[in-house]
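Down below is the structure, laid out as structure tokens.
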Amino acid sequence: MGFCPSFHLVGFCPVLWHFVPWEYVRVHDIVAEGLDIKPQVTLKESLGSATTVNVREKGAKQGDPIAAYLFILAVEMLGHQIRTDVKVKDAAVSLQSSPGLMRYHKGDDVTFIWTFTDKPERIINIEITYNTDIIVKRLISGQVIIGQQYKDRVTFEELDNSIKLMLNDVSDDDVIYGVYRLSVVFVVGGTSSSLYDNKTELYLFDTPTKPVLSGGQRVKEGQDITLMCTSSSTSIPIKYQLPLRYTWTRDNINLTTTSSSRHRVNGHQLTITNVMRDDRNHQYTCITGEDGGLSSESDITQIIVLYPPGKASVVKSVIGSIVEGENPNIDITCSVSDPGYPQAIFKWSKDNQDQSGGEDGTITIRQGSATVSKHDGIWTCIPSNSVGEGLGADISVIVNAKAHLSQSLPRTLTVVADPKDSFNVTCGFISKPSVTISWTYNNNNILPDGVITQPITTTSSGKMSTVTQKLLWNPNSDTSSRRSVGGIYLCKGTVDLGQGRLDTKQSDQMILQVEFAEHNLPFSVADHFTKLAKQLFPDSDIAGKFISGCMKTTMIVKKVLALSLDANVVQLYQNDTFSLLADKGNDQGGEMTISAPDCFCTRGILWTNLIAFSSDNGSVMIGRHNSVQSRIRNVQPEVLDIGYIYHLVNFCYVCALKQLPMPVEQLLIVVYFHFNHSAKHK
């Protein structure tokens, strides 16, 4: 009764009779095979086959004749089990170590070793499997069977207290399907036992993916930049992958182990602080790999450092100054000590005014195209890029211009020698630099001293200079001295073009005539004076070349002198107020026609300068509705009508003089011409 609760194997126990699992006997038949005892045979021999079937399948009832046999069998089995349990407890065998997780590289030979705590009495069966495939099976007979796909790769060895398996040339297929399982059936203490291991796995190192560097390789000088290395493990199985380690190199020098104040390594990141332009000359790489595994190296990368260009210098292909319109091809070339990055382009300015072109560093002035306005001045070259500007440089380009007449002399000028009269003639030149004006008088470079003054005026227009010089009567000169200065005048302008080169420009010759208009002599006298001058001065080349007859003298007075005097009057009326007197003159040559509006408009005289109007009292002149006066008031309402009282007086004395045998006007004219044009009668 005491043994029934202690053992699972239940023999004959009357109290538990109805609870005995009779099928238990069948289970222990299998175990008994290993003990060389055959209780079921004995049972068959004692009870017969018919009784055996009933017992094994249905069990026995209380009071069954077989009960005594069952009691004996149960007691025998109980004692055997007690002895076996005690013996196994004293000599237990277990698995001391297994390979566990083993890390290898592709193509390596792998050795699996399972070690027992003690040597089993006898190993009945060994089986090593991978996935569903049998690698090795060792039978009870000692025969070793190797799986078909492992025949050329497996070496199996059974040692005293361990089992050794060598697997050659491992590949992905030896890893991806899971664990390696070991199953061992052995005998210890006369009892069969089994061990089972399913903790053995392979981890196969492989080369990580090629690292890719990112994070931007373009950085401005002085800023910080961070490079990032991206890679992943390809070892299998994935669940056992180790963290990748990162190694950064600079010119093949390990930055991870080399101290640097500007290089900071943080795993897959490399930070470079305060980037300098010299950093662009170094090569950076990232190497990744698992501890104990293969490594992979990135492509070489270089940092692109953005920085402004350095100091510029400028040269030109000619020395000294050039002359406008006469230059050869001229190159103004700008270079820079360091072009910076991106590559510098060049900006040009002349006298602080931006110029187009020359981005490649060269401004070309084509042959013969140089001008003062476009090319003369201080040229400045500034190298620049997207980061900033470099230090610019200047060069002076001097373009000189030949003298050009800005105001020439008239071909002929007739002046009056009377001290009350004046004359003004101007000669002007424009050039760069300023000209020096000189005069020649009758082939002599010295003008008559004390008779003519020569005031000079210099003005500038941009870089060009205009120099004008006037000839005026000296106010202290008298009539006789003025009469002696007639002759041929010439104006010359000389400019220094540089490099010892002078350029001279001269005006047309001007013939200055002083006499005829002053004395109101008839122009026909000029024919006689031309001949007289040759006779009076036969030894003078000037007198011999002098030709100015009646026609020429007439044209000089009417076309030159008259225009000059007219211009003086117009200038006076343009700048000051005046009055208008309209009357018929004493010209006996024909009718006089006047058109005031046309006269004023073509000469730029403003009607607002007219303050008074005077004429005879005819209705056509001063009529209210349609007269000269009414039309003047249409354009100048403020004009004052001062009448013409002298015209009424004239009517009176004309009537009185009609009683005389000759008109008074005619008498006076005849008398005037009689005395005025006769030196004898004067």
Side-chain angles (χ1 to χ4, degrees), residues 94-117 126-137 146-157 159 161-184 194-214 228-249 254 256-257 265-270 285-299:
S94 63
L95 191 63
Q96 182 180 13
S97 65
S98 67
L101 179 63
M102 299 188 298
R103 302 180 186 273
Y104 284 87
H105 298 94
K106 277 186 181 181
D108 286 352
D109 297 336
V110 179
T111 300
F112 301 88
I113 299 177
W114 290 270
T115 304
F116 304 109
T117 56
I126 300 174
E127 186 174 275
I128 302 175
T129 62
Y130 171 65
N131 195 15
T132 59
D133 300 329
I134 295 176
I135 302 176
V136 174
K137 186 172 184 180
I146 297 177
Q148 184 66 30
Q149 63 270 43
Y150 294 97
K151 283 188 177 296
D152 299 329
R153 299 176 55 213
V154 167
T155 302
F156 176 77
E157 187 175 357
L159 305 175
N161 64 333
S162 63
I163 296 173
K164 182 177 180 181
L165 175 69
M166 180 177 291
L167 179 62
N168 298 328
D169 192 21
V170 294
S171 63
D172 292 349
D173 291 338
D174 298 319
V175 177
I176 60 177
Y177 296 118
V179 299
Y180 289 79
R181 295 177 177 85
L182 170 69
S183 176
V184 181
S194 63
L195 292 175
Y196 182 75
D197 175 57
N198 63 347
K199 298 180 180 179
T200 298
E201 293 187 65
L202 277 181
Y203 180 78
L204 202 59
F205 285 115
D206 204 349
T207 304
T209 60
K210 186 173 184 177
V212 177
L213 299 182
S214 61
M228 291 180 290
C229 182
T230 304
S231 179
S232 59
S233 174
T234 60
S235 301
I236 54 176
I238 295 176
K239 64 181 179 180
Y240 295 122
Q241 285 181 351
L242 299 174
L244 292 178
R245 53 176 171 74
Y246 295 86
T247 302
W248 290 90
T249 67
N254 192 334
T256 308
T257 58
V265 176
N266 183 16
H268 73 290
Q269 293 183 344
L270 171 63
T285 57
C286 169
I287 303 173
T288 62
E290 299 173 89
D291 286 336
L294 301 175
S295 62
S296 180
E297 184 173 351
S298 69
D299 291 332

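Treat the numbers as computed from the prediction; the structure is a model and nothing was measured.
Closest approach of Y150 to I134, counting heavy atoms only: CD1-O, 4.1 Å. Considering every non-hydrogen atom in both D109 and Y104, the closest pair reads O-CE2, 3.6 Å. Considering all non-hydrogen atoms of both residues, S231 and Y246 come closest at O-OH, 4.0 Å. The two residues L242 and E290 come nearest to each other via the heavy atoms N-OE1, 2.9 Å. Minimum heavy-atom separation, S295 to T207: O-CG2, 3.8 Å.
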### Message
Using side chain to side chain contact (heavy atoms under 4.5 Å, CB included), reason through S183 and I126 one step at a time and then give a plain yes or no.
### Response
CA-CA 6 Å; S183 176; I126 300 174; over 6 Å; no
#### Entry: Verdict with reasoning, L95 to W114, per side chain to side chain contact (heavy atoms under 4.5 Å, CB included)
CA-CA 7 Å; L95 191 63; W114 290 270; 4.0 Å; yes
### Derivation of the side chain to side chain contact (heavy atoms under 4.5 Å, CB included) call for E297 and C286
CA-CA 6 Å; E297 184 173 351; C286 169; over 6 Å; no
Taking distance alone, no hydrogens or angles, what donor-acceptor pairs closer than 3.5 Å link side-chain atoms of residues 161-172 to residues at least two apart or in another chain?
from : atom 1 : to   : atom 2 : distance (Å)
D172 : OD2    : K106 : NZ     : 3.4

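Salt-bridge formation is not detected for the pair R181/D197: no Lys NZ or Arg NE/NH1/NH2 atom is positioned less than 4.0 Å from an Asp or Glu carboxylate oxygen.
With hydrogens and angles left out, the side-chain atoms of Q149 and Y130 include no donor and acceptor closer than 3.5 Å. In this structure, a donor-acceptor pair under 3.5 Å is present between the side chains of E201 and Y240.
Here the two rings, on F112 and Y180, have centers that are under 6.0 Å apart.
Here CG of L244 is found 7.5 Å from OG of S232. Values are rounded to the nearest 0.5 Å.
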